[in-house]
Number of protein chains: 2
Amino acid sequence: MAAMSNQLDTTFQALADPTRRSILTMLLEDDMAVTDVAAPFEMSLAAISKHLGILTRAGLISQERRGRVKWCKLEPDAMRDASIWMQSFGQFEAVNLDAFERFLETELSDDD
Amino acid sequence: MAAMSNQLDTTFQALADPTRRSILTMLLEDDMAVTDVAAPFEMSLAAISKHLGILTRAGLISQERRGRVKWCKLEPDAMRDASIWMQSFGQFEAVNLDAFERFLETELSDDD
DNA sequence: GTTATATTCAACCAAATGGTTGACGATTGT
DNA sequence: ACAATCGTCAACCATTTGGTTGAATATAAC
């Protein structure tokens, strides 16, 4: 159906893919060109380009073209609404870095 | 292909549908029977039953059968991991970015 | 001007998703 | 015993998703 997708749909859908979450994690470190984003993955550049399109449409990253290189930049503010929505279901402890590291670890070792 | 869906995949995927998010919001107020969950929606009971199955498999709700009625109960702790994962992206600007980046570099170079 | 690099586009494909309907098993009420 | 209620199951269907390949575009380098 037409799926009048609201912001939360788009955000959660974008985050529901391990490749896209890995990309976001990579972009925590630094802005990156599309080709460099694609390098660690065992899929085509076109596939990564699509993933980046989805992340861009969700507002989770922005892309700026300079010359023939398109730079990808993390836009973490786009997660805020979804994050707030989730927190309304119970106050989780304030950010626990240890926990994040554990999950990041499973993320990185898992998607291959 | 691999579809090694981890916990975050399952959680975010479950949350990426407005019907399922509405159900979770309804269950904030009280436990509900499947039929009562379905009542406000303009779709079949079978469709709602499927949504509840997805939420259950994601751990976001639990279902307990008493007589012929199956009660649905919110399990907000299942959102905790995803919530932490998201919050982390927003917090690092404010908090200890350097420490996290060092951690990240270690993890990324350790890639298997 | 030719060649290499960076990225997207278009067409295709298999599998997953979100819905339908009708039949079914299990439980409750009369 | 019989009928009504609760919920799931199985089979189907259309659309979306996540991937592929090969051609196309735009910029950079030689």
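Chain letters run A, B, ... following the sequence lines, proteins first and then strands; every chain starts at 1. Everything numeric in this text was worked out from a predicted model, so none of it was measured.
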Item to check | Step-by-step side-chain contact (heavy atoms from CB on, under 4.5 Å) determination, B/Met86 to A/Met86 | outcome: CA-CA 10 Å; B/Met86 292 188 72; A/Met86 293 188 75; 3.9 Å; yes

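- Here the straight-line distance linking atom CE of B/Met79 with atom CD of A/Gln87 works out to 11.0 Å at 0.5 Å rounding.
- Ranking C/dT17, D/dG7, C/dC9 by closeness to the B/Lys70 side chain, first place goes to D/dG7.
- Atom pair A/Arg20:CZ and D/dG18:C1' shows a separation of 8 Å (rounding to whole Å applied).
- Of the possible donor and acceptor atoms, one in the side chain of B/Thr56 sits under 3.5 Å from a partner among the backbone N and O of B/Leu52.
- Taken from CZ in A/Phe89 to CG in B/Asp77, the straight-line distance is 13.0 Å, to the nearest 0.5 Å.
- Taking CG of A/Leu8 as the start and CD of A/Gln13 as the end, the distance is 12.5 Å to the nearest 0.5 Å.
- D/dC9 atom C1' lies 17 Å from atom CD1 of B/Ile48, rounded to whole Å.
- Judged by distance alone, with hydrogens and angles left aside, A/Arg68 brings no side-chain donor or acceptor close enough to the base of C/dT7 to form a pair under 3.5 Å.
- DNA chain D lies under 4.0 Å from no heavy atom of any residue of residues 23-30 of chain B.
- Summarising the geometry, the separation between CZ on B/Arg65 and C1' on C/dA26 is reported as 7 Å, rounded to the nearest angstrom.
- Put simply, A/Ser49 has a side-chain N or O that comes within less than 4.0 Å of OP1 or OP2 on C/dT8.
- Atoms CG (B/Leu45) and P (C/dG18) sit 17 Å apart, rounded to a whole Å.
- At whole-Å resolution of the value, CZ in A/Arg57 and P in D/dG18 are 11 Å apart.
- Using a 4.0 Å heavy-atom distance criterion, A/Arg66 is classed as making no nucleic acid contact.
- Following rounding to the nearest Å, B/Glu64 (CD) and D/dT8 (P) show an atom-to-atom distance of 14 Å.
- Between A/Lys50 atom NZ and D/dT20 atom P there is a gap of 9 Å when expressed in whole angstrom units.
- With hydrogens and angles ignored, the 3.5 Å screen pairs no side-chain donor or acceptor of B/Arg20 with any backbone N or O of B/Leu15.
- Residue A/Phe12 contributes atom CZ, which lies 17 Å from atom P of C/dT17 at whole-angstrom precision.
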Checklist entry - What's the verdict on side-chain contact (heavy atoms from CB on, under 4.5 Å) for A/Gln63 and A/Val34, showing C-alpha distance, side-chain angles and the deciding distance? => result CA-CA 9 Å; A/Gln63 292 181 289; A/Val34 172; 4.0 Å; yes

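- Place B/Gly67 and B/Ile54 on DNA chain C by their nearest nucleotides, and B/Ile54 ends up nearer the 5' end.
- Interface residues of residues 33-44 of chain B facing DNA chain D, ordered by number: B/Ala33, B/Val34, B/Thr35; criterion, heavy-atom separation under 4.0 Å.
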Next on the checklist: Apply side-chain contact (heavy atoms from CB on, under 4.5 Å) to residues A/Arg65 and A/Trp71 and explain how you reach the verdict.
Outcome noted: CA-CA 6 Å; A/Arg65 176 148 225 148; A/Trp71 293 91; over 6 Å; no

Next on the checklist: Using the rule given for side-chain contact (heavy atoms from CB on, under 4.5 Å), can you reason through A/Thr35 versus A/Ile48, listing the C-alpha separation, both sets of side-chain angles and the distance that settles it, and then say yes or no?
Outcome noted: CA-CA 9 Å; A/Thr35 305; A/Ile48 295 294; over 6 Å; no

